[in-house]
Amino acid sequence: MLKGPGIGRSVALNWTALAISIGVAFFLSPFVVHRLGNVAYGVWTLVNSMIGYMGLLDLGLRGAVTRFVSRDHSQGKHLEASRAVSAAFWLRAAIGLIVIGIALVMPLIAIAMFHISPEMQSATRWTIGVAGMSFAVTLAFGVFGGVLAALQRFDLLSGVGIVQTLLRATGAVWLLKSGHGIVSLAVWELIVVVFANIALTTLSLRVYRELQILFQPPDSATLRQLWGFSSYLLLVNVCGQIVYYTDNVVVGAFVSAGAVTFFTIAGGLIEYARQVVAALGGILFSLASSLEAQGRQTELRRLLIQGTRATLLVGLPIQTALFFGGHTFIGLWVGPEYASISGKVLQILLVAQVFAIANYTSFNVVCGLGKHKPVALIGLAEAAANLVLSIVLVRQIGLVGVAWGTVIPSMAIHLLFWPRYICKTLEMPIRDYVWGAWIRSGLAVTPFGFACYLADRFWVPANLLYFFMHMAVLCSTLLVGIAVSFPDEVYRQLRRPSRFTGGLDVPFGHAKRAE
């Protein structure tokens, strides 16, 4: 069981790691774009997108390692835990060799598909090869990160992540200032990845001293156990990879490598906003599992309502500010030449993200209850529709067509599938969920949205410092909206200093006594 102080420390460290990662990317991205140029940066993005597809070869094994190590460690079954980790490690090591082989062939496809200019072809070949080696190392040794997660040592995971981010950024700045290009960036990334994975492996073996890496081939029972858990998780990951990495590939194939830069700027801001919400919900999965095991259905419904409110009240203001002021922000951040095109793509993508964060808690609850098979199947439909629509629309309306190709299936899934499925799963009226979680949270953010609209029209900042100062001033309207929409909840929070509950207004620590 996770203890209260451990949860608080882990979440704080996760937030710290996320803040450092976003902060580094925020300051580093414009520097990298201008040092490399549109074409080289577009190629760099395409390489990472193509390598990202290989994440499908994980087969959901890291999640399986976390599940089985957590269970077996708590029961003192260290041999079973060692078998699961060893089987996953050897499987992923073998897959890593396949990845390296694919990376040697992939440049031929990339150069032809994306019409890479002759002067960039050699760099593209080397960059893909080195990036493939980095991914192979991460794939093989990533199981030890899963061990640390199973043992709830998020402090160590976050610490390694922070050091890795700082080393990557420091090396990138030095290399680009010295006149090096994307090949050198890929080599430095490989060096950092090797050291990070050595650290994770060493730490996991020290923390879990009973863990052994077995050198015999995994037995069929262990393989069946791993696959039984990871198969639908694999399908969810497949769909996620297609949705998140398809856009850049479609832009590169049907528009140009240089156009990928404009799309990536918008997509990067969407990803940062998504990560902020994701960092809030790390506790939801395990909490839902615990409540379900105890038969506390009422508390599960309350977790859904309060968790959805929490993610919306954090995510909606960020997305609202980006919707109205994103073009201004991009112009001040990266350069005015990117403001119009990237800003328009950003606004389109944000439409879908509003509903995605509204269902973030639902996703974690469903997975925690082990009812994610329909999610995997509906995700497969979304991924296929995303790919087809993006290809069709990019031919008709160009870059923004790719964005609409992502938005349309996403909105359909999040509006038509998720509310009905989660309410059916928890046996609660859909109107109670939509009103209590979605509509009230939306009303709370409405004054802030109106203020952002007026500020964008009449109060344009001259630099990034003024932009953030404007947002700080406008946040007062957000506080007013929350107080008006949730007066009882705000009053209770002001009256009672609550213990840490993962940011939710739910007294889970005392729920059993109340029952």
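Source: prediction; values computed, not measured. Count residues from 1 along the sequence.
The side-chain hydrogen bond (donor to acceptor under 3.5 Å, both in side chains) search around D456 returns H327, not counting sequence neighbours. Annotation: salt bridge (charged side-chain N to carboxylate O under 4.0 Å, His left out) contacts of E189 (sequence neighbours excluded): R168. In this structure F448 satisfies the ring-ring contact (aromatic ring centres under 6.0 Å, His included) test with no other residue, sequence neighbours excluded. Taking F263 as the reference, nothing meets the ring-ring contact (aromatic ring centres under 6.0 Å, His included) condition, with sequence neighbours excluded. For W333, the ring-ring contact (aromatic ring centres under 6.0 Å, His included) partners are F26, F329, not counting sequence neighbours. Scored by the salt bridge (charged side-chain N to carboxylate O under 4.0 Å, His left out) test, E271 finds R274 as partners (sequence neighbours excluded). Judged as a ring-ring contact (aromatic ring centres under 6.0 Å, His included), and not counting sequence neighbours, F323 has no contacts.
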Task: Residues L393, V402; criterion side chain to side chain contact (heavy atoms under 4.5 Å, CB included); working and verdict - done: CA-CA 6 Å; L393 294 177; V402 181; over 6 Å; no
- [ ] Walk me through it: do L350 and V354 pass the test side chain to side chain contact (heavy atoms under 4.5 Å, CB included)?
- [x] CA-CA 6 Å; L350 281 168; V354 169; 5.6 Å; no
Open item on the list: Walk me through whether T328 and L332 qualify under side chain to side chain contact (heavy atoms under 4.5 Å, CB included).
Closed with: CA-CA 6 Å; T328 300; L332 297 172; 4.1 Å; yes
Open item on the list: Between V251 and V394, is the side chain to side chain contact (heavy atoms under 4.5 Å, CB included) condition met? List the steps.
Closed with: CA-CA 8 Å; V251 172; V394 72; 5.7 Å; no
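Nearest heavy atoms, L313 versus A444: CD2-CB, 4.0 Å. The minimum heavy-atom distance between M411 and A352, with the atom names listed, is CG-CA, 4.1 Å. Contact detail for P409 and L389: the closest heavy-atom pair is CD-CD1, 3.7 Å. Of all heavy-atom pairs between L312 and A437, the closest is CD1-O, 3.5 Å. Smallest separation of non-hydrogen atoms from L443 and P447: O-CD, 3.4 Å. The two residues T361 and L303 make their nearest non-hydrogen contact at CG2-O, 4.0 Å.
At least one donor-acceptor pair closer than 3.5 Å links the side chain of T311 to the backbone N or O of T308. A donor-acceptor pair is defined here as one N or O able to donate and one able to accept, closer than 3.5 Å; no such pair exists between the side chain of R301 and the backbone of C423. Counting only distance, with no hydrogens or angles, the side chain of D432 and the backbone of M428 share no donor-acceptor pair below 3.5 Å. Judged by distance alone, the side chain of S390 and the main-chain N or O of L387 form no donor-acceptor pair under 3.5 Å.
Between V143 and V147 there is no side-chain heavy-atom pair separated by less than 4.5 Å. Two residues are said to be in side-chain contact when any heavy atoms from C-beta on lie closer than 4.5 Å; C452 and L474 meet this criterion. Side-chain atoms of N248 and T264, non-hydrogen and from C-beta on, do get closer than 4.5 Å to each other.
Note that CG of L416 is 9.0 Å distant from CD1 of I378, once rounded to the nearest 0.5 Å. Between the CG atom in L157 and the CG atom in L200 there is a gap of 6.5 Å [rounded to 0.5 Å]. Atom CD1 of residue I348 and atom CG of residue L399 lie 8.5 Å apart, to the nearest 0.5 angstrom. A distance of 7.5 Å separates CG in L322 from CD1 in I318, rounded to the nearest 0.5 Å. One finds the CG atom of L269 at 7.0 Å from the OH atom of Y272 (value rounded to the nearest 0.5 Å). In this structure, the separation between CD1 on I182 and OG1 on T127 is 3.5 Å, given to the nearest 0.5 Å.
More than 12 non-hydrogen atoms from other residues, nucleotides or ligands lie less than 6.0 angstrom from CE of M471.
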Show every donor-acceptor pair shorter than 3.5 Å between a side-chain atom in residues 88-111 and any protein atom, with sequence neighbours excluded, or say none if there are none.
unit_1, atom_1, unit_2, atom_2, d
W90, NE1, L214, O, 2.7
R92, NE, L139, O, 2.3
R92, NH1, D58, OD1, 2.2
R92, NH2, L139, O, 2.7

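Judged as a side-chain hydrogen bond (donor to acceptor under 3.5 Å, both in side chains), the pairs with a partner in residues 437-454 (not counting sequence neighbours) are, in order, Y433-W438, Y453-R457. Screening residues 403-413 for side-chain hydrogen bond (donor to acceptor under 3.5 Å, both in side chains), with sequence neighbours left out, gives D247-T406. Within the structure, every pair that satisfies the side-chain hydrogen bond (donor to acceptor under 3.5 Å, both in side chains) test and touches residues 338-358, not counting sequence neighbours, is listed here: N38-Y338. Pairs of residues two or more places apart, or lying in two chains, never qualify as ring pair (Phe, Tyr, Trp, His ring centres under 6.0 Å) while including a residue from residues 299-321.
Taking the six-membered ring where the residue is Trp, Y421 and W418 present perpendicular rings, their angle passing 60° and hence far from 30°.
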